Protein chains: 2
Amino acid sequence: MEIKEKHSPNAEEKILSAAIKEFAEFGLAGARVDRIANRAEVNKAMIYYYFRSKENLYQTIINRHFTRIGKLLEEKIDPEDSPELIFFKLAQSYDAVFEKNGELVPIFLREVASGGDRMNKILVDILTKKGLVAKLQQIIDRGKRNGLFRKVDSRQAIISFVGMNLYYLIMSPIVNSVLEIKNQKEFRQKRQKEVVDLFLHGLEVK
Amino acid sequence: MEIKEKHSPNAEEKILSAAIKEFAEFGLAGARVDRIANRAEVNKAMIYYYFRSKENLYQTIINRHFTRIGKLLEEKIDPEDSPELIFFKLAQSYDAVFEKNGELVPIFLREVASGGDRMNKILVDILTKKGLVAKLQQIIDRGKRNGLFRKVDSRQAIISFVGMNLYYLIMSPIVNSVLEIKNQKEFRQKRQKEVVDLFLHGLEVK
DNA sequence: TTAGTTTAACTAAACGTTTAGATAATTATA
DNA sequence: TATAATTATCTAAACGTTTAGTTAAACTAA
């Protein structure tokens with residue numbers, strides 16, 4: 001005899017995690033509310049009961065997760081650490097974030113593709129002013145004053161570092177097949193050191 | 001008096017360029033065939049006459065443009081040039097490609113987001129084997145033999161260089177607002193030299 | 001005439017959303 | 001404590017709209 005719980009205590013969470021998968025696979029326009037309901041094993045109307053619309057469900061996911069990840073990254077940076085350690089920790093953190101939140105990558109990319117209005121404000125709030133970016137800028141500027149680093153534009157350098165890291169993490173399926181990378185796990189782990197190494201050699205005076 | 005050509009000789013081209021705009025703005029799933037027809041100022045049935053389906057129209061665009069851009073980039077690289085010149089030309093070419101083909105960026109991003117099956121093969125064909133990637137690998141390996149470059153992993157270095165370049169070109173709307181970049185045109189132009197400078201200093205032995 | 005184009009009108013299916021109501025859990029009242 | 005009222009959770013079915021794709025007829029140029 002089957003016991004069917006009427007009041008599932010976690011219908012809302014089931015919808016959210018089903019929706020992440022659906023949006024990741026098909027995007028907002030391509031996502032089907034019926035499919036989300038099926039994946040979550042709830043009645044379709046439940047989605048409208050907890051979230052007022054497909055759009056609102058999507059926005060909820062964006063807000064929750066990008067805020068969470070922004071905070072998570074900022075916590076990792078301790079300005080008391082050496083530049084080497086800071087940039088290595090950051091490279092590690094980027095890698096860990098992508099490892100654990102892979103489903104969000106397609107959502108992020110499609111957001112950028114459509115202008116990123118839903119995500120832009122969140123990222124600016126988290127990263128700017130006293131946040132990650134300001135901290136990194138201080139590290140580089142301090143190094144320049146110390147005579148350790150060359151007189152590079154610190155904002156350009158930050159973009160370069162972030163780009164070196166994120167580009168591979170975002171594009172790894174394509175990059176791996178173009179570069180014929182066999183042992184991807186090993187390549188990805190080695191990459192953390194390689195990136196920091198290249199970046200710091202690029203900054204340091206000869 | 002207005003002359004209205006009935007048998008417009010370029011309906012096919014008008015559909016294609018209207019479709020690029022539509023796909024860039026809304027993606028494949030969000031694109032509406034009626035809107036493409038309106039933008040192109042042709043009847044909807046014309047789209048099915050020239051291209052059999054929305055999907056096929058989309059694939060046609062992907063094939064045409066990514067093949068074109070891949071070839072364009074490869075032509076820019078002359079292995080006889082110095083490493084400095086090669087990487088600077090490449091940074092310039094990336095910038096020029098994005099400047100002239102900005103509409104394709106959202107299409108590219110959404111392709112990556114959905115696994116890139118439609119685009120992957122084209123990129124591999126163009127970039128790999130005797131292509132751009134092999135040429136760059138030769139430059140770096142030659143530098144290592146010369147004692148000019150440190151013993152870095154050349155594939156990792158290539159990804160880093162491409163990432164430094166493409167990340168900003170792709171994400172510039174977000175990056176510009178996070179870093180509060182005012183004069184974007186100037187920043188973007190300076191970036192070409194900054195990127196090559198950082199990369200080569202990173203490669204060179206001290 | 002005839003083959004190649006172009007059109008408006010059409011269809012079947014899919015879609016997001018709403019509805020009306022059922023059931024279970026919680027709270028208020030006597 | 002027992003019962004009534006209220007609220008929260010859930011469901012099946014349907015609604016009105018939008019969609020990609022079709023079609024049959026009309027127009028154009030040779």
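A note on names: the letters A, B, ... follow the listed sequences, proteins ahead of strands, and every chain is numbered from 1. These figures come from a predicted structure and were not determined experimentally.
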Spacing between [X] atom [atom1] and [N] atom [atom2], to the nearest angstrom:
X	N	atom1	atom2	value
B:Glu55	D:dT19	CD	C1'	16 Å
A:Asn10	D:dC10	CG	C1'	14 Å
B:Ile47	C:dT5	CD1	C1'	15 Å
A:Phe51	C:dT17	CZ	C1'	16 Å
A:Met46	C:dA22	CE	P	18 Å
A:Lys14	D:dT9	NZ	C1'	12 Å
B:Arg52	D:dA20	CZ	P	17 Å

Exercise. Can the positive tip of B:Arg35 be found less than 6.0 Å from the middle of the six-membered ring of B:Phe26, inside 45° of the ring normal?
Worked result: yes
For this session: Return the nearest nucleotide to the side chain of A:Tyr48; candidates are C:dT7, C:dT17, D:dA12.
Result: C:dT17
Exercise. Of all the choices, D:dT11, D:dT19, C:dT17, which nucleotide is nearest to the side chain of A:Asn43 once you look at every atom?
Worked result: D:dT11
For this session: Look at the side chain of A:Lys54 against the base of C:dT17 and say whether a donor-acceptor pair falls under 3.5 Å; ignore hydrogens and angles.
Result: no
Exercise. Is A:Asp34 side chain donor-acceptor paired with the C:dA14 base, going by distance under 3.5 Å alone?
Worked result: no
Exercise. Of A:Ala45 and A:Gly30, whose closest DNA chain C nucleotide lies nearer the 5' terminus?
Worked result: A:Gly30
Exercise. Near B:Gln189 CD, under 6.0 Å, is it more than 12 heavy atoms from other residues, nucleotides or ligands?
Worked result: no
Exercise. What does A:Ala31 touch in the nucleic acid at a heavy-atom separation under 4.0 angstrom: a base, only the sugar-phosphate, or nothing?
Worked result: sugar-phosphate
Problem set entry | Earlier contact from the 5' end, DNA chain D, for A:Tyr49 and A:Lys44 | A:Tyr49
Exercise. Taking the inter-plane angle between the rings of B:Phe199 and B:Phe161 on a 0 to 90° scale, is it parallel (under 30°), tilted (30 to 60°) or perpendicular (over 60°)?
Worked result: tilted
Exercise. Under 4.0 Å between a Lys/Arg side-chain N and an Asp/Glu carboxylate O for A:Arg155 and B:Glu194?
Worked result: no
